[in-house]
Amino acid sequence: MPLDRTSAFYEENAETYAKRVRSLPKQLDAFLAGLAPGAAILELDCGGGQDSAYMLAHGFDVTPTDGSTELARQAEALIGRPVRVMLFQELDADSAFDGVWAHASLPHVPRSELPDVFARIRRALRTGGIIHATFKAGEAEGHDGFGRYYNYPSADGLLALLTKGGWRDITIEENDGGGYDGEPTRWITVMAHR
């Protein structure tokens, strides 16, 4: 996670953040439907572990990770298995996963590092593997009211980045929603195949 204020927020607020009332992302079932039963899934920044718990309960082989030691502990308590503490830039897997679930996590990657992080994710996927990622839409990098860094990309910018990175079957949708800060948020959802 970039910038000390972002990391500090998740370390200092891990229990509150992890235990907040939260609905499962509506895209989760669609993502799982595109995978074979028991497929290997890497979850990047699993937060409190709710999405990993759902995927595990549905028979998938999930590898949960988080950049925050404290959030990883919270997730471990929920799902009953280890959570690897790892920054996106440390991902070094090669053809190990059928899917990567990165819901509301990649927005914390500095814009300049997004091409490398997407390349690492693509390498971690098996041929034909799928990524789901969401971003807070915008035009310029910035911080929210909690001081967390966001890259705030545009849909066109993400499409260009993914196309250049060799991804295929790219779909990008935009929807209005909210976030932990309670502010109205324009979300970009990306699905693409290796």
Side-chain angles (χ1 to χ4, degrees), residues 1-28 31 42-55 62-79 82-91 100-118 120-121 131-158 161 172-190:
M1 246 175 274
L3 309 178
D4 292 340
R5 288 188 298 170
T6 304
S7 298
F9 171 84
Y10 290 108
E11 290 297 324
E12 294 165 8
N13 298 284
E15 186 171 0
T16 302
Y17 185 83
K19 295 185 175 171
R20 72 197 187 281
V21 175
R22 162 185 186 269
S23 300
L24 288 171
K26 63 183 178 185
Q27 305 97 334
L28 185 51
F31 170 76
L42 172 66
E43 183 174 8
L44 294 174
D45 270 10
C46 68
Q50 296 93 341
D51 297 359
S52 279
Y54 182 84
M55 291 186 276
V62 182
T63 300
T65 69
D66 204 279
S68 162
T69 302
E70 291 302 318
L71 270 177
R73 284 190 190 137
Q74 293 293 321
E76 287 173 351
L78 176 68
I79 64 177
V83 173
R84 180 179 173 195
V85 177
M86 178 192 82
L87 300 178
F88 308 118
Q89 297 84 345
E90 297 170 333
L91 178 60
V100 171
W101 180 255
H103 193 78
S105 55
L106 297 180
H108 296 310
V109 176
R111 278 191 179 192
S112 63
E113 295 178 27
L114 269 175
D116 175 64
V117 168
F118 270 114
R120 289 174 178 274
I121 292 169
I131 181 175
H132 161 93
T134 56
F135 294 84
K136 289 186 175 187
E139 296 301 326
E141 298 170 280
H143 295 82
D144 70 1
F146 293 113
R148 298 177 297 175
Y149 166 87
Y150 282 91
N151 48 34
Y152 295 119
S154 68
D156 288 343
L158 285 172
L161 175 65
I172 297 179
E173 297 177 359
E174 291 190 61
N175 295 290
D176 291 321
Y180 183 75
D181 60 5
E183 296 296 321
T185 303
R186 185 76 174 164
W187 285 97
I188 300 172
T189 301
V190 172

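The side chain to side chain donor-acceptor pair (under 3.5 Å) test applied to D144 returns R148, not counting sequence neighbours. Taking Q27 as the reference, T189 meet the side chain to side chain donor-acceptor pair (under 3.5 Å) condition, with sequence neighbours excluded. A search for salt bridge (Lys or Arg N to Asp or Glu O under 4.0 Å) contacts involving E11 returns nothing, not counting sequence neighbours. Partners of D156 by salt bridge (Lys or Arg N to Asp or Glu O under 4.0 Å), not counting sequence neighbours: none found. By the side chain to side chain contact (heavy atoms under 4.5 Å, CB included) test, A155 is found to be paired with I172, E174, I188, residues two or more places apart in sequence or in another chain being considered. Considering only residues two or more places apart in sequence or on other chains, Y54 meets the ring pair (Phe, Tyr, Trp, His ring centres under 6.0 Å) condition with H58. Every residue two or more places apart in sequence or in another chain that forms a ring pair (Phe, Tyr, Trp, His ring centres under 6.0 Å) with Y152 is listed here: Y150. A search for side chain to side chain donor-acceptor pair (under 3.5 Å) contacts involving E173 returns nothing, not counting sequence neighbours. Under the side chain to side chain donor-acceptor pair (under 3.5 Å) criterion, E141 pairs with Y149, sequence neighbours left out. With sequence neighbours excluded, the residues forming a side chain to side chain contact (heavy atoms under 4.5 Å, CB included) with S105 are L44, D45, F88, A102, listed by chain and number.
Taken to the nearest 0.5 Å, the CE atom of M86 stands 13.5 Å off from the OG atom of S68. To the nearest 0.5 Å, the span separating CD on Q74 from CD1 on I79 amounts to 12.0 Å.
Without hydrogens or angle criteria, R84 side chain to T65 main chain gives no donor-acceptor distance under 3.5 Å. Not one N or O on the side chain of N151 forms a donor-acceptor pair closer than 3.5 Å with the backbone of R111. Looking at E90, its side chain does come within 3.5 Å of a backbone N or O of L87 through a donor-acceptor pair. A distance-only check finds a donor-acceptor pair linking the side chain of T134 to the backbone of A104 [under 3.5 Å].
Side-chain contact between Y180 and T16 is present, with heavy atoms from C-beta onward closer than 4.5 Å. The side-chain heavy atoms of L91 and L42, taken from C-beta on, include a pair separated by under 4.5 Å.
The heavy-atom pair separating R5 from G147 by the smallest distance is CB-O, 3.5 Å. Between V83 and A75 the shortest heavy-atom distance is CG2-CB, 3.8 Å.
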Verdict with reasoning, L28 to M55, per side chain to side chain contact (heavy atoms under 4.5 Å, CB included):
CA-CA 9 Å; L28 185 51; M55 291 186 276; 4.0 Å; yes
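A perpendicular orientation is assigned to the rings of Y10 and Y17, their planes being inclined by more than 60° (bins at 30° and 60°).
At a threshold of 4.0 Å, the pair R73-E76 does not count as salt-bridged, since none of the basic side-chain nitrogens sits closer than that to a carboxylate oxygen.
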Can you list, pair by pair, the side-chain donor-acceptor contacts under 3.5 Å of residues 46-53, counting residues two or more places apart and other chains?
| residue | atom | partner | partner atom | Å |
| --- | --- | --- | --- | --- |
| Q50 | NE2 | A18 | O | 2.8 |
| D51 | OD1 | R22 | NH1 | 2.9 |
| D51 | OD1 | R22 | NH2 | 3.1 |
| D51 | OD2 | R22 | NH2 | 3.1 |
| D51 | OD2 | W101 | NE1 | 2.9 |
| S52 | OG | E43 | OE1 | 2.5 |

